[in-house]
Amino acid sequence: MSETVRTHARVRASELVGRNWLNTGGKSLDLEALRGKIVLLDFWTFCCINCLHVLDELRPLEEQYSDVLVTVGVHSPKFEHEADPVALAAAVERYEIHHPVLDDPELETWKAYTARAWPTLVVIDPEGYIVAHLSGEGHADGLAVLIPELIAEHEAKGTLHRGSGPYVAPEPTSGTLRFPGKALFLPLGRGSTAVNGTSDDGAAAGAAGNGAAGKGSWLVTDTGHHRLVELGTDFHTVLGTFGSGVKGHADGPAAGDSAVAQFNEPQGLVLLPEDVAAKAGYDVVIADSVNHRLRGLSLADGKASTLAGSGVQRLLEAGPARVDEDAAGFTGQLGGHPLDVALSSPWDVVWSRKLNAVVVAMAGVHQIFSFDPLTGAVAIVAGNGLEGLLDGPAHEAWFAQPSGLAEDAEGNIWVADSETSALRKLAIDDDGTVTVESAIGKGLFDFGFRDGAAAEARLQHPLGVTVLPDGSVAVADTYNGAVRRYDPASGTVSTLARGLLEPSDVIVDHTHSAGSEPLLVVVEANKHQVVFVPIPKEAQQVDEGAVQTHRPKSPVAPGPLELTVRFTAPTGQKLDDRWGDPTQLKISSTPPELLASGGGTSVGLLRTLELSPDVPEGILHITARAAACDGPETEDGEIPDHAACHLYQQDWGIPVVLQGDGDTELVLDLRGMD
């Protein structure tokens with residue numbers, strides 16, 4: 001039987017160093033103050049969907065072991081905006097983080113613990129020694145074994161101290177909206193005006209008689225309150241709410257104070273064509289992100305239903321094999337009932353006329369899915385699941401946390417690909433063939449605020465996108481606090497608006513509610529509001545530079561580099577070798593010339609790479625995975641039939657600088673360390 005991952009040498013934990021502490025009532029913490037507790041360091045950054053998954057994975061453990069376990073979030077930012085202490089405080093509130101958070105903008109604690117990827121978990125025992133080092137998500141089951149082992153060991157030694165931890169809750173934000181995500185226009189006759197009837201001036205019956213719903217209404221995902229809010233076109237009059245406001249998953253009546261339906265951080269939403277809605281029995285499809293489900297809402301009777309998703313986060317082992325040795329992924333329909341299909345953090349949805357289906361930005365697995373409301377069929381449209389920026393045929397393309405979708409007049413789908421700070425396009429042929437193209441963006445670690453030629457332009461973690469009346473594309477450039485414009489005809493980028501607080505969505509408003517010209521509607525998440533923004537006749541030209549994420553560069557020698565990724569299955573699990581080696585490495589580099597040999601996908605966690613002496617520096621892109629299964633081994637050492645299995649996976653981007661006296665080996669921890 002495998003052993004729980006533990007360090008074989010006694011390694012003293014480094015001190016926790018940063019700019020400030022959050023969720024401690026203004027107090028600074030150090031390891032001495034945490035002595036006697038099991039400390040779990042969670043290295044995260046608030047842009048990272050995998051980090052958000054880990055926050056939810058850890059919540060049950062934090063509750064179960066609240067008297068002995070102290071989680072400390074070490075926020076080590078990837079993007080420039082994430083180093084803003086105000087933005088970090090908003091993120092801690094938005095994601096309902098109930099443990100102390102260390103603000104580590106200079107990556108001091110990150111470097112001290114040799115973290116190389118977001119997320120990384122480090123477990124420190126009550127005596128202050130490191131006992132485990134884990135990369136990626138999906139480690140909750142292993143921690144559920146390790147923590148009781150540490151409790152038993154240190155209770156026996158008398159070094160465990162039970163009692164409350166150092167967490168102090170911050171003051172909550174109040175208001176109608178709390179960190180809203182996306183917005184959807186409901187034409188006259190599809191929203192409350194259709195359900196409740198209208199007064200003479202066109203306002204919904206029971207609403208303020210100011211014509212707020214006379215031109216339609218807006219349905220907004222009130223993400224922080226776990227509900228949807230229908231607003232009049234003044235963005236102040238509340239025409240209705242959907243969802244009880246209690247975080248969770250429940251179908252049924254959703255409207256008003258008697259609602260029993262529950263959502264969990266709903267994000268994108270789309271209004272189905274009327275003929276499709278009539279047949280499907282609901283009007284709106286909602287990306288219920290933390291529930292890993294697609295939900296339906298009938299505006300006629302105010303009922304919510306679950307359309308697709310089992311509620312279990314989709315991991316890489318779900319469905320067909322994720323990637324073959326040529327890095328080609330599966331695209332096509334996923335079998336089974338739609339409620340049995342695992343999804344992962346659906347973030348936005350849009351109706352595709354060419355595919356005759358809802359297109360879904362599946363942020364958690366870096367792919368684009370589709371959902372057919374009439375048949376329930378769920379399919380993978382594009383992306384092989386590898387994280388990064390790579391164009392080409394749909395099954396070979398890479399995405400990185402796609403978060404915003406919009407359809408243009410030709411039926412192509414524009415994608416705000418947040419982690420690559422990119423604007424991408426799904427070019428859809430009449431026969432349904434999909435090709436992925438990039439308009440703006442260079443890679444996972446390249447961002448900035450620069451207008452001009454699209455090849456040199458830079459965004460910073462965009463979350464929303466819409467198509468303007470002239471065919472150009474507006475982008476909610478979230479971490480730059482701006483709305484940007486891409487003109488496909490000229491291949492140039494400009495700025496339409498600045499000074500916004502994390503705009504998470506942008507939509508064109510054609511109702512002329514605030515004047516004769518079309519306006520942009522912007523969801524300003526960190527200001528908890530929806531606002532009109534004019535489309536200027538003369539766009540700004542901004543150049544505040546292009547930036548790369550600054551992480552420590554590993555000195556390596558030109559020539560052979562021995563790569564080892566260490567993995568040990570936790571107690572009660574065994575590597576699943578029933579069909580061959582259950583481990584795999586996928587390796588590439590930026591620039592491609594850095595890697596003379598050793599790239600590609602193959603089994604095993606050991607690889608000899610050959611680094612070119614002609615390239616001074618670059619990034620090694622490494623994806624490792626290992627499959628292990630639950631249950632006691634049978635006498636012959638085989639995994640029992642029907643055992644639950646787990647896939648452990650992590651993507652690393654390792655910056656390297658080549659020098660003669662550099663290292664000739666690189667060791668990474670997927671799970672555990674020597």
Side-chain angles (χ1 to χ4, degrees), residues 181-185 267-271 287 346-355 357-363 366-370 381-383 389-392 394 397-429 432-442 451 454-455 457-478 480 482-496 503-509 518 520-523 535 539:
K182 307 282 186 180
L184 168 69
F185 179 67
Q267 287 286 348
L269 62 179
V270 64
L271 184 67
W347 212 265
D348 201 8
V349 283
V350 70
W351 178 256
S352 168
R353 290 172 286 121
K354 282 191 172 180
L355 299 180
V358 175
V359 174
V360 185
M362 203 64 66
H366 316 298
Q367 292 176 303
I368 307 296
F369 278 39
S370 68
V381 173
L389 192 154
L390 184 66
D391 293 337
W398 298 14
F399 292 89
Q401 213 169 301
S403 302
L405 301 171
E407 185 187 45
D408 65 20
E410 287 74 41
N412 300 312
I413 305 294
W414 292 89
V415 182
D417 200 27
S418 62
E419 280 294 278
T420 52
S421 297
L423 176 64
R424 319 283 297 279
K425 184 174 78 170
L426 305 182
I428 306 175
D429 291 341
T433 301
V434 177
T435 304
V436 179
E437 303 171 1
S438 292
I440 308 170
K442 187 177 179 182
D451 289 328
R458 294 290 183 269
L459 309 172
Q460 186 177 184
H461 197 78
L463 293 179
V465 62
T466 195
V467 178
L468 298 176
D470 64 358
S472 62
V473 180
V475 180
D477 191 7
T478 308
N480 280 327
V483 176
R484 313 286 292 284
R485 175 180 177 267
Y486 168 68
D487 181 2
S490 64
T492 58
V493 177
S494 56
T495 296
L496 300 179
S504 55
D505 199 13
V506 57
I507 313 101
V508 178
D509 172 47
L520 293 177
V521 172
V522 176
V523 178
I535 303 174

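Remark: the D451 side chain and the T495 side chain contain an N/O donor-acceptor pair separated by less than 3.5 Å.
Two residues are said to be in side-chain contact when any heavy atoms from C-beta on lie closer than 4.5 Å; V473 and L423 meet this criterion. In this structure, F399 and E419 have side chains that are not in contact, with every pair of non-hydrogen atoms separated by 4.5 Å or more. By the 4.5 Å heavy-atom criterion applied to side chains, V508 and V467 are not counted as neighbours. The side-chain heavy atoms of V359 and F369, taken from C-beta on, include no pair separated by under 4.5 Å. The closest side-chain heavy-atom distance from I507 to V522 is not below 4.5 Å.
The pair R424-E437 does not count as a salt bridge, with every side-chain nitrogen at least 4.0 angstrom from each carboxylate oxygen.
Interatomic distance, L426 CG to E407 CD, rounded to the nearest 0.5 Å: 11.0 Å. The CD1 atom of I428 sits 10.0 Å away from atom OG1 of T435, with the distance rounded to the nearest 0.5 Å. Here the NZ atom belonging to K354 is positioned 10.5 Å from the OG1 atom belonging to T433, to the nearest 0.5 angstrom.
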Next on the checklist: Walk me through whether D487 and T492 qualify under side-chain hydrogen bond (donor to acceptor under 3.5 Å, both in side chains).
Outcome noted: CA-CA 6 Å; D487 181 2; T492 58; 4.7 Å; no
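Residues satisfying the side-chain hydrogen bond (donor to acceptor under 3.5 Å, both in side chains) test with D348, not counting sequence neighbours, are none. Listed by chain and residue number, R484 satisfy the salt bridge (Lys or Arg N to Asp or Glu O under 4.0 Å) test with D477 (two or more places apart in sequence, or in another chain). For E410, the salt bridge (Lys or Arg N to Asp or Glu O under 4.0 Å) test picks out no residue, with sequence neighbours left out. Scored by the salt bridge (Lys or Arg N to Asp or Glu O under 4.0 Å) test, D429 finds no partners at all (sequence neighbours excluded). Listed by chain and number, the residues in a side-chain contact (heavy atoms from CB on, under 4.5 Å) with L390 are W398 (sequence neighbours excluded). Judged as a salt bridge (Lys or Arg N to Asp or Glu O under 4.0 Å), and not counting sequence neighbours, R458 has no contacts.
Taking all atoms of both residues into account, the shortest heavy-atom contact from A363 to W347 is CB-CB, 4.1 Å.
Remark: side-chain polar atoms of Q367 are paired, donor with acceptor, to backbone N or O of G383 under 3.5 angstrom. Of the possible donor and acceptor atoms, none in the side chain of H461 sits under 3.5 Å from a partner among the backbone N and O of S421. For the pair T478 (side chain) and L463 (backbone), a donor-acceptor distance under 3.5 Å is present. Using a distance-only test at 3.5 Å, with no hydrogens or angles considered, a donor-acceptor pair links the side chain of S352 to the main chain of L355.
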